[in-house]
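Model, not experiment: these values are computed from the prediction.
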Amino acid sequence: IFVGNYSSYTIQKFNSKGELVLTFGKKGKGIGEFSQRPTLGGVIGNKYVFTHEHNGHVKIFSTDGNYIKTIKVDYMPLKTIACGNKIALVGHVPMGTKVRYVITIIDPETEEQKIIKKYDDFSEGAMLVVNKNKYLLSFSPMFTNTDLMLRSLPNGNLVVAINTSKMIEEYSVDGKLVKSFKSDFEAPAYPEDLKKE
C-alpha cells in the first residue's frame with residue numbers, strides 16, 4: 001500500500017502487515033523532489049508509482065521509490081488515477097474569466113499526452129467570479145458542488161461522469177469513446193430539516 005503524505009512531501013510504502021517499509025520524496029527543487037505538495041495518483045502495473053503537483057508536474061517513481069522521470073503538462077492537474085497501463089488526468093485550464101477542464105490520457109513510457117475530452121461549461125453558474133474594472137480578483141472552482149469523476153475499469157478503460165449530470169461515458173485507454181449512457185435514477189432530495197439546520 002502506498003500513502004501520500006501531503007504535508008511532509010513524502011510517499012510511504014507499507015507491506016501487507018501494515019508495517020512501514022519505505023519512505024521517499026522530500027520538499028525541494030532537486031531531481032525526484034517536490035517543489036509543491038504532491039498528490040499520490042496511484043500505481044501502474046506494479047511497476048510505477050506516480051504523483052502530481054499543481055505546477056503541472058507528474059512524477060514517476062519505481063515501486064522501490066527510485067525517481068524515474070517527470071512528465072510536464074501545460075495546465076494544473078486536479079486529479080490523476082491509474083488507468084490500465086496509463087495515467088488519466090483531470091486538468092484545470094484558466095481561460096480569462098472561465099475555466100476549461102480537460103481529461104488527458106498519459107502514457108508513462110512514451111510520455112505521449114492525449115486530451116480526450118474538454119469541458120468549457122462544466123461548472124457554469126456554480127462558480128465564484130469577482131471582477132472589478134475588468135480585472136479578475138477571485139476565481140475559485142472550490143465553491144462548486146460539481147465534480148468530474150474518473151474511475152478505472154478492470155479492463156483498463158476509463159469511466160467519466162459528472163455528479164450533476166446523468167451522462168456516464170466509457171473511454172478506451174487509447175482515448176476512444178466506447179459507449180455512453182444516461183443513468184436512469186434521480187438523485188434523492190436533500191432533506192428539508194437538514195437544509196434548515
Side-chain angles (χ1 to χ4, degrees), residues 1-92 101-114 116-117 140-142 144-163 168-175 178:
I1 298 174
F2 289 89
V3 177
N5 193 325
Y6 192 74
S7 62
S8 71
Y9 294 73
T10 59
I11 307 298
Q12 298 170 316
K13 180 180 180 179
F14 295 85
N15 65 19
S16 60
K17 296 176 185 175
E19 300 164 335
L20 177 65
V21 295
L22 177 67
T23 299
F24 59 95
K26 69 177 187 175
K27 183 177 182 179
K29 295 191 179 183
I31 292 175
E33 297 177 345
F34 301 111
S35 61
Q36 295 189 8
R37 296 179 194 273
T39 299
L40 180 64
V43 179
I44 299 174
N46 293 323
K47 185 175 181 182
Y48 298 126
V49 177
F50 65 95
T51 65
H52 74 266
E53 298 167 70
H54 293 315
N55 59 5
H57 290 180
V58 177
K59 290 200 168 109
I60 312 286
F61 297 86
S62 71
T63 55
D64 294 328
N66 296 313
Y67 171 76
I68 305 291
K69 66 173 86 172
T70 298
I71 300 172
K72 295 180 182 178
V73 294
D74 295 331
Y75 42 83
M76 182 173 77
L78 297 177
K79 297 178 189 179
T80 52
I81 66 166
C83 185
N85 60 353
K86 301 200 176 158
I87 297 168
L89 178 148
V90 175
H92 174 272
Y101 290 89
V102 295
I103 299 175
T104 304
I105 301 288
I106 300 173
D107 186 322
E109 298 284 349
T110 66
E111 300 185 27
E112 179 187 4
Q113 301 174 29
K114 182 175 184 181
I116 63 168
K117 186 89 176 177
S140 180
M142 307 311 282
T144 177
N145 288 327
T146 307
D147 190 20
L148 182 56
M149 296 170 284
L150 303 179
R151 298 294 183 267
S152 180
L153 295 175
N155 65 2
N157 285 356
L158 178 68
V159 174
V160 178
I162 300 174
N163 65 334
I168 298 172
E169 297 174 322
E170 179 182 343
Y171 291 88
S172 70
V173 290
D174 298 324
V178 175

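In this structure, the side chain of Lys69 engages the main chain of Pro108 through a donor-acceptor pair within 3.5 Å. Between the side chain of Lys26 and the backbone N or O of Gly32 there is no donor-acceptor pair closer than 3.5 Å. Listed for the Arg37 side chain is a donor-acceptor partner under 3.5 Å among the backbone atoms of Ser7. Checked by atom type and distance alone, the side chain of Asn15 pairs as donor or acceptor with a backbone atom of Glu19 at under 3.5 Å.
Proximity of Thr39 to Thr51: side-chain heavy atoms (C-beta onward) are nowhere separated by under 4.5 Å. Counting only heavy atoms from C-beta outward, the side chains of Tyr75 and Val102 approach each other to under 4.5 Å. At least one side-chain heavy atom of Thr63 sits under 4.5 Å from a side-chain heavy atom of Phe2. Taking the side chain as every heavy atom from C-beta outward, Leu158 and Val173 never approach each other to under 4.5 Å. Side-chain contact between Tyr9 and Pro38 is present, with at least one heavy-atom pair separated by less than 4.5 Å. Contact annotation: the side chain of Ile11 never approaches that of Asn5 to less than 4.5 Å [non-hydrogen atoms, C-beta and beyond]. Leu78 places a side-chain heavy atom less than 4.5 Å from the side chain of Met76. At a threshold of 4.5 Å between non-hydrogen side-chain atoms, the residues Val58 and Thr70 do not count as touching.
Other residues, nucleotides and ligands contribute at most 12 non-hydrogen atoms within 6.0 Å of the CG atom of Asn46. By the neighbour-count criterion of 12 heavy atoms within 6.0 Å, atom CD of Gln36 is densely surrounded, having more than that number from other residues, nucleotides or ligands.
Ring pair His92/Tyr101 is perpendicular by interplanar angle, where above 60° counts as perpendicular and below 30° as parallel. Between Phe34 and Phe61, the ring planes are tilted. Angles from 30° to 60° get that label.
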>> Is there a side-chain contact (heavy atoms from CB on, under 4.5 Å) between Glu170 and Arg151? Walk through the geometry before answering.
In response: CA-CA 9 Å; Glu170 179 182 343; Arg151 298 294 183 267; over 6 Å; no
> Does the pair Ser62 and Val49 meet the rule for a side-chain contact (heavy atoms from CB on, under 4.5 Å), with working shown?
Replying inline: CA-CA 6 Å; Ser62 71; Val49 177; over 6 Å; no
> When you look at Lys13 and Asp64, which way does the side-chain contact (heavy atoms from CB on, under 4.5 Å) test go after all the steps?
Replying inline: CA-CA 9 Å; Lys13 180 180 180 179; Asp64 294 328; 4.0 Å; yes
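Smallest separation of non-hydrogen atoms from Tyr48 and Ile60: CD2-CG2, 3.5 Å. Annotation for Leu22 and Leu20: closest pair O-CD1, 3.5 Å, computed over non-hydrogen atoms. The heavy-atom pair separating Ile106 from Leu89 by the smallest distance is CD1-CD1, 4.0 Å. Nearest heavy-atom pair across Asp174 and Lys114 is O-NZ, 2.9 Å.
One distance of note links CD of Glu33 with OH of Tyr67; it measures 10.5 Å at 0.5 Å rounding. Distance check, rounded to the nearest 0.5 Å: OG1 of Thr104 to CD of Gln113 gives 7.0 Å. Note: Thr10 OG1 to Leu40 CG = 10.5 Å, rounded to the nearest 0.5 Å. Ile44 CD1 to Asp107 CG: the interatomic distance, rounded to the nearest 0.5 Å, is 8.5 Å. Between atom CG of residue Leu153 and atom OH of residue Tyr171 there is a gap of 13.5 Å, rounded to the nearest 0.5 Å. Atom CD1 of Ile105 and atom NZ of Lys117 lie 13.0 Å apart (nearest 0.5 Å).
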Which donor-acceptor pairs under 3.5 Å do side chains of residues 79-88 form with protein atoms, sequence neighbours excluded?
unit_1	atom_1	unit_2	atom_2	d
Lys79	NZ	Asp147	OD1	2.7
Lys79	NZ	Leu148	O	2.4
Thr80	OG1	His52	ND1	3.0

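Using modelled atom types, one finds no donor on one side chain facing an acceptor on the other under 3.5 Å when comparing Ser152 with Asn157.
Using a cutoff of 4.0 Å between basic side-chain nitrogens and carboxylate oxygens, Glu53 and Lys59 are scored as salt-bridged.
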